[in-house]
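Down below is the structure, laid out as structure tokens.
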Amino acid sequence: MIAELQQAVANYAYALDELNVPELETVLTEDTTRTFTMPGQGLLGPVAGRAAVLDFIRDGHTAQTGRVRHHLGNVWSRRRTPPPPRRGPVCCRRGTRARASR
């Protein structure tokens, strides 16, 4: 399951970089909703619906002055439910472990 999700994200990132609309159409659902963060403009959106998201992506590619590559290390998603509480070490420094104080 994890490998399939990672592959879907990789397909999306590559299709986004290449403006491969047919591939983007296979990755995005019809009822997709997206927000975008753009340098100098902050958070944009939400943009609702696959057609509107694709139009937004096309407009972004048209306005782009250079080549952009989305590295998978900077792709993130938000959970709809809060994460479980953290347990155990939260940081390590010089071989010592610090625990979060409550």
For residues Arg50 and Asp31, determine if any side-chain heavy atom of one lies less than 4.5 Å from a side-chain heavy atom of the other. no

Of Thr33, Leu28, Thr29, which meets side chain to side chain contact (heavy atoms under 4.5 Å, CB included) against Val53? Leu28

Exercise: identify the closest heavy-atom pair between His61 and Leu16: NE2-O, 2.7 Å

Any cation-pi pair here, Arg34 with Phe36, using under 6.0 Å and within 45°? yes

Quick one: which of Thr37, Leu44, Leu43 gives a side chain to side chain contact (heavy atoms under 4.5 Å, CB included) with Gln41? Leu44

Tyr14 side, atom OH; Glu23 side, atom CD - distance, nearest 0.5 Å: 10.0 Å

Could you report the tightest heavy-atom contact between Thr35 and Gly45, atom names first, then the distance? CG2-C, 4.3 Å

Between OH on residue Tyr12 and CG on residue Asp17, distance to nearest 0.5 Å: 9.5 Å

Note, Ile57 side chain near Asp59 side chain (heavy atom, < 4.5 Å): no

